[in-house]
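Here is the structure we will look at.
The shown structure was predicted, so the numbers you read here are calculated from the model rather than taken from an experiment.
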Amino acid sequence: MAATVAIAEDFKMPPEVTPQLRAACETDVRRLCIGAKPTVSKVKACVAVKYFQLGKKCQVELASLGFGR
């Protein structure tokens, strides 16, 4: 578990992740989508699949940015 935490902490956010999006979604995305070897594409795919498991604030922020259109 410690190795996963270290890797998750080192994960670099892509430029499209706004401060508002990060504040709304980071906890949920880390819990649901950051595995042993995260990549931007893996995390994006996970967020799409687990969208309805994300918190309401995260869902609203994603929707405001055009996610799911």
Side-chain angles (χ1 to χ4, degrees):
M1 180 69 178
T4 301
V5 172
I7 291 170
E9 289 173 358
D10 293 337
F11 186 75
K12 301 294 182 211
M13 297 291 174
E16 64 268 19
V17 177
T18 64
Q20 296 83 5
L21 181 61
R22 186 172 182 169
C25 298
E26 184 171 18
T27 300
D28 292 334
V29 171
R30 283 186 184 273
R31 178 176 50 87
L32 295 169
C33 297
I34 303 292
K37 295 184 180 193
T39 65
V40 171
S41 61
K42 285 181 186 178
V43 173
K44 284 182 177 181
C46 176
V47 167
V49 169
K50 297 186 177 185
Y51 178 81
F52 291 106
Q53 294 177 32
L54 300 169
K56 189 68 171 175
K57 287 181 182 181
C58 182
Q59 290 177 4
V60 168
E61 188 62 30
L62 287 166
S64 75
L65 296 172
F67 181 83
R69 287 185 188 171

Working for side chain to side chain contact (heavy atoms under 4.5 Å, CB included), residues L65 and Q20: CA-CA 10 Å; L65 296 172; Q20 296 83 5; over 6 Å; no
For [range], which residue pairs pass the ring-ring contact (aromatic ring centres under 6.0 Å, His included) check, not counting sequence neighbours?
range: residues 13-43; result: none
range: residues 26-49; result: none
range: residues 16-44; result: none
range: residues 13-45; result: none

Name every donor-acceptor pair, under 3.5 Å, that has one atom in a side chain of residues 42-52 and the other anywhere in the protein, sequence neighbours excluded.
from : atom 1 : to  : atom 2 : distance (Å)
K42  : NZ     : K37 : O      : 3.2
K44  : NZ     : E16 : OE2    : 2.6
K50  : NZ     : L32 : O      : 3.4
Y51  : OH     : Q59 : O      : 3.1

Any residue meeting side-chain hydrogen bond (donor to acceptor under 3.5 Å, both in side chains) with Q53, in chain and number order, not counting sequence neighbours: none
Contacts of R31 that satisfy side chain to side chain contact (heavy atoms under 4.5 Å, CB included) - sequence neighbours left out: D28
Side chain to side chain contact (heavy atoms under 4.5 Å, CB included) involving V60 - partner list, sequence neighbours excluded: K56
Euclidean distance, F67 CZ relative to L21 CG, rounded to 0.5 Å: 10.0 Å
Point-to-point distance, once rounded to the nearest 0.5 Å, from CZ of R22 to OG1 of T27: 10.0 Å
Closest approach of A24 to C58 (non-hydrogen atoms, all atoms of both residues): O-CB, 3.4 Å
